[in-house]
> 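Here it is: the structure, laid out below.
Quick note on labels: first sequence line is chain A, next is B, and so on, each numbered from 1.
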Amino acid sequence: MYNLAMAPATVLRIGELSKRSGVSPELLRAWESRYGLLRPTRSPGGLRLYSADDVERVRRMQEHLASGLAAAEAAALATDDTASPLSGPAVDPAVARARLASSLDRYDEAGAQAVLDELLATVTIDTFLAQILLPYLHDLGERWKRGEASVAQEHFASSVLRGRMLALARGWGRGVGPQAVLASLPGEQHDLGLIAFGLMLRARGWRITYLGADTPLATVAEAAASVGPELIVLSATTAERVRPVRAELRRLGKRYGIGLAGPGFVDGDERALGGRVLTADPIGEAERVTADAGVHG
Amino acid sequence: MYNLAMAPATVLRIGELSKRSGVSPELLRAWESRYGLLRPTRSPGGLRLYSADDVERVRRMQEHLASGLAAAEAAALATDDTASPLSGPAVDPAVARARLASSLDRYDEAGAQAVLDELLATVTIDTFLAQILLPYLHDLGERWKRGEASVAQEHFASSVLRGRMLALARGWGRGVGPQAVLASLPGEQHDLGLIAFGLMLRARGWRITYLGADTPLATVAEAAASVGPELIVLSATTAERVRPVRAELRRLGKRYGIGLAGPGFVDGDERALGGRVLTADPIGEAERVTADAGVHG
Amino acid sequence: MYNLAMAPATVLRIGELSKRSGVSPELLRAWESRYGLLRPTRSPGGLRLYSADDVERVRRMQEHLASGLAAAEAAALATDDTASPLSGPAVDPAVARARLASSLDRYDEAGAQAVLDELLATVTIDTFLAQILLPYLHDLGERWKRGEASVAQEHFASSVLRGRMLALARGWGRGVGPQAVLASLPGEQHDLGLIAFGLMLRARGWRITYLGADTPLATVAEAAASVGPELIVLSATTAERVRPVRAELRRLGKRYGIGLAGPGFVDGDERALGGRVLTADPIGEAERVTADAGVHG
DNA sequence: ATAGGTTTTGTCAAGCTTTTGTACAT
DNA sequence: ATGTACAAAAGCTTGACAAAACCTAT
């Protein structure tokens, strides 16, 4: 809720409160005089000055009205809802995704960052990634296929989210845990899912060496020779990326544990390529590979 | 020196400030006389000379105006915001501490969270803890001793920071790294430094079991028996906390690796109590204990 | 050049100084008597004899005047700008680059992050980008061409640095400054230079909408239609990226101010494509486009 | 919801001063 | 070279004004 308060001792005049809440100034004054819903201070000249609390009360009033209560009751509830916004609903993932989408669709970076700040302060990183971010990316892809989202929106959203995830990733190469090397296959430009999986591994104690999108397998082998990973995770969104490198993959799989992530891989590949195919449930997969690595550790 | 060149003791006349900010000279003068937004020095002949700070205040004023606030309120905020200046080192630790202090002193949780968001997005957690948070806590303690900070302020600051650090700590018990058990000695209420140290260990791959402030050593022993830690970290801010439990400490030290943290321990205790005394350099200590643990791992 | 001027042989009479600096003799005398800017010795006959220091002071005076300061203030700064701007940088950029390179070459993410933390706490963003990061990337490219750095190292370094820069970029879409839309041309995968330029614009008050690498121009146009930018910056590292989209670029240049960044563009393109070609001096370019956009006032 | 009065805030004008580049007489 | 003069440009202060936003009361 501190996003509202980015402007801390926020002091709004009635017009601005009206704009932000969609309630007419007259009605705001009526709610004040009839129900005591608002308790603005006054400017020296007598203008009403509203605080962030007032904004919050108006929001709750509207919520209660929408749910069918009469104004008097709605006001009574909104007034003594002692409940701080923190005790509110525990973050509905669908709502969170919608808020994120709405900001990003409008190229509103600041708004999106505020939503992300709030989410990350409230839910675990696993939840954030699995319930909000990955589904959001999936939705975005679908909307784009249906022509409902533009390429520009997708680019913009990716950039904002990539920045945020890489910020969470900072320091993920340090420590004493098992090593994982992460890369997308040659030609593959998508990397957000891979980063997300890296974060989940990190949350389970792994050290991550991240090579990024569109990485030749020779490059992967080279990095692996240098860091000696317990696991190499390779991602691909389509089978086309996989076909040209099957032989190389098999060879790599002889020397290292391999995880094959993304819809580019199918169950058969498990046997054919000598790696483990990671399903659509990243949290579960992170748990599993960690359990396996824990055995040696 | 570097910033001398970048941000000279900039001394602008009103016309130049107007050009740079896009605000007419008349309006700049009005903002000065009506709201005290600007505090230019004067040339011998009486011309206004503006500093870099003034430039920054104008920028913030415009930002607040754009967000819908009326001029009087925008000016009030722009005047006492210690918000990020656009020039200077990207993150100046001293500036960061000052911004944090200013928000927390005013019980402005929202503002403090915003500062924390920004810092954590920019700097690694080690740097954040060692350069900003721990020094800030130390300052706060000193100010309190000198009667410059109230108990209420200290409480408020502690609770905001504890919340934030525990948010960062989420999930720190999971994974495959070496185990550490953390607790403050009986009677000891301070725990922020201990949490900070836990976060540094976590960043190096440790799994943390955190028992909190004011923990009887029997409780520690019990937890240790259950998780089998490589290391137990105990903290105390004064020697008084240590004296009553010396015997117990020695006994615990026979079975486990012990770290003794905080000013309550002195060098002599290393031998007397059979633990390692952690100095005032938490990053270094985290590195060292990790290096030691890495040997077994 | 400054070292040339350090040569003691430089003793100029007023006419010569005037020619070299483009400042009339009358004005030079006025600057001397009014502000004490110059301190020439005298010939036996009373003629002014200027030293290399005087030349330097005149140069700085002109620089400050050009940046908009009034004569009195410009002179004050030019006079006590104690040392040449090159004197004793607190951070030696070459050393900083070497430290960065050494960490990144070893896939030591934690070490690299620590170096970056330290740098960001010491130097301005501009300095960091222009003196350290961009030269480092350039070096890395060269080493790669010579076969001294591997692809894996380049991938790894890029990812770490990208994460760091995007963290600094957080919130760069917010505010009231002029809008800029940034994107790399289709097929272009490099984006770090572009992000760096975005950060420099941000430090000068711009709002940034960042679309990322490999962006179709139709996508750029779409985003531009939505945010209405004062400037669109497009980057390309080779001319190959430019050729297929010349017509589209020209069209875009008719509706928006365009900046063409990176070695993919050459001087001739300025006219041919209707955009401004941004040279290898990003700070200077950021200053210039900002000065131009300043017209909004 | 409207009417009639008040506050807020950006802009303008008048009359005078300071600053600064250039010119000129000695 | 010096010293003085001068005029254009840029600033200063005071005071006023009008549009927009707000107030109360009907």
Side-chain angles (χ1 to χ4, degrees), chain A residues 11-20 23-30 32-34 38 40-50, chain B residues 11-38 40-50 58 61-62 64-66 68-76 78, chain C residues 13-18 21-38 40-50 58 61-62 64-66 68-76 78 297:
Chain A
V11 183
L12 305 176
R13 309 241 262 243
I14 201 167
E16 183 62 20
L17 175 56
S18 168
K19 262 187 215 148
R20 293 195 185 181
V23 179
S24 76
E26 290 80 6
L27 188 49
L28 287 172
R29 284 190 285 253
E32 174 185 338
S33 66
R34 290 185 194 142
L38 301 170
T41 59
R42 298 286 182 139
S43 82
L47 303 198
R48 274 166 254 254
L49 300 175
Y50 297 94
Chain B
V11 184
L12 305 176
R13 309 240 262 244
I14 201 167
E16 183 61 20
L17 175 57
S18 169
K19 264 187 214 146
R20 293 194 185 182
S21 62
V23 178
S24 75
E26 289 82 4
L27 187 49
L28 287 171
R29 284 190 286 252
W31 283 353
E32 175 186 335
S33 67
R34 288 176 183 157
Y35 316 121
L37 178 70
L38 301 170
T41 59
R42 298 288 183 135
S43 80
L47 302 199
R48 274 165 252 255
L49 300 176
Y50 296 95
V58 170
M61 174 90 185
Q62 290 179 289
H64 288 134
L65 283 177
L69 297 193
E73 286 75 40
Chain C
R13 300 227 284 251
I14 199 167
E16 184 61 19
L17 176 56
S18 169
S21 61
V23 179
S24 75
E26 289 83 0
L27 188 47
L28 287 172
R29 283 192 285 258
W31 283 354
E32 176 185 336
S33 67
R34 286 177 184 157
Y35 315 121
L37 178 70
L38 302 169
T41 59
R42 297 296 181 131
S43 78
L47 301 192
R48 271 166 254 254
L49 299 175
Y50 295 96
V58 170
M61 174 88 184
Q62 290 178 292
H64 289 135
L65 283 176
L69 296 194
E73 286 75 41

> Can you tell me how far NZ of B/Lys19 sits from CD1 of B/Ile14, rounded to the nearest 0.5 angstrom?
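Spacing of CD1 (B/Ile14) from NZ (B/Lys19) equals 12.5 Å.
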
> Do C/Gln62 side-chain atoms and C/Ser21 backbone N/O form a donor-acceptor pair below 3.5 Å?
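A pair under 3.5 Å: yes.
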
> How far apart are the closest heavy atoms of B/Ala78 and B/Met61, and which atoms are they?
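In this case the closest contact between B/Ala78 and B/Met61 is CB-N, 3.6 Å.
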
> What pairs with B/Arg13 under side chain to side chain donor-acceptor pair (under 3.5 Å), at least two apart in sequence or on another chain?
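Applying side chain to side chain donor-acceptor pair (under 3.5 Å) to B/Arg13 gives C/Glu73.
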
> Would you compute the distance between atom CZ of B/Arg48 and atom CZ of B/Arg29 and round it to the nearest 0.5 angstrom?
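The distance works out to 5.5 Å.
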
> Quick one: A/Leu38 CG to E/dC22 C1', roughly how many Å, whole number?
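From A/Leu38 CG to E/dC22 C1': 16 Å.
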
> Counting only side-chain nitrogens and oxygens, does A/Arg29 get under 4.0 Å of the OP1 or OP2 atom of E/dC23?
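Yes.
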
> Would you tabulate the nitrogen or oxygen pairs shorter than 3.5 Å linking the protein to nucleotides 8-12 of chain D?
{"from": "D/dT8", "atom 1": "OP1", "to": "A/Ser43", "atom 2": "OG", "distance (Å)": "3.0"}
{"from": "D/dT8", "atom 1": "OP1", "to": "A/Gly45", "atom 2": "N", "distance (Å)": "3.3"}
{"from": "D/dT8", "atom 1": "O3'", "to": "A/Arg13", "atom 2": "NH2", "distance (Å)": "2.5"}
{"from": "D/dT9", "atom 1": "OP1", "to": "A/Arg13", "atom 2": "NH1", "distance (Å)": "3.4"}
{"from": "D/dT9", "atom 1": "OP1", "to": "A/Arg13", "atom 2": "NH2", "distance (Å)": "2.8"}
{"from": "D/dT9", "atom 1": "OP1", "to": "B/Ala71", "atom 2": "N", "distance (Å)": "3.1"}
{"from": "D/dT9", "atom 1": "OP1", "to": "B/Ala72", "atom 2": "N", "distance (Å)": "3.2"}
{"from": "D/dT9", "atom 1": "OP2", "to": "B/Tyr35", "atom 2": "OH", "distance (Å)": "2.9"}
{"from": "D/dT9", "atom 1": "O5'", "to": "B/Tyr35", "atom 2": "OH", "distance (Å)": "3.4"}
{"from": "D/dG10", "atom 1": "OP2", "to": "B/Trp31", "atom 2": "NE1", "distance (Å)": "3.0"}
{"from": "D/dG10", "atom 1": "N7", "to": "B/Arg34", "atom 2": "NH1", "distance (Å)": "2.9"}
{"from": "D/dG10", "atom 1": "N7", "to": "B/Arg34", "atom 2": "NH2", "distance (Å)": "3.3"}
{"from": "D/dG10", "atom 1": "O6", "to": "B/Arg34", "atom 2": "NH2", "distance (Å)": "3.1"}

> Return whichever of B/Arg48 or C/Ile14 has its heavy-atom-nearest nucleotide of DNA chain E closer to the 5' end.
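Its nearest nucleotide lies further toward 5', so the answer is C/Ile14.
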
> Check the distance between E/dA10's P and C/Leu69's CG and give it to me in whole angstrom.
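Taking atom P of E/dA10 as the reference, CG of C/Leu69 is at 15 Å.
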
> Whole angstroms only, please: what is the CG-P distance between B/Leu17 and E/dG11?
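Going from B/Leu17 (CG) to E/dG11 (P), I get 10 Å.
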
> Within the structure, does a side-chain N or O atom of B/Arg42 lie under 4.0 Å from either OP1 or OP2 of D/dT19?
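For D/dT19, OP1/OP2 do not have a side-chain N/O of B/Arg42 under 4.0 Å.
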
> How close or far is atom P of D/dT20 from atom CG of C/Leu28, stated in whole angstroms?
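For the pair C/Leu28 CG and D/dT20 P, the rounded distance is 16 Å.
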
> Which pair of non-hydrogen atoms, one from B/Ser18 and one from B/Val23, has the smallest distance, and what is that distance?
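Heavy atoms of B/Ser18 and B/Val23 come nearest at OG-O, 2.7 Å.
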
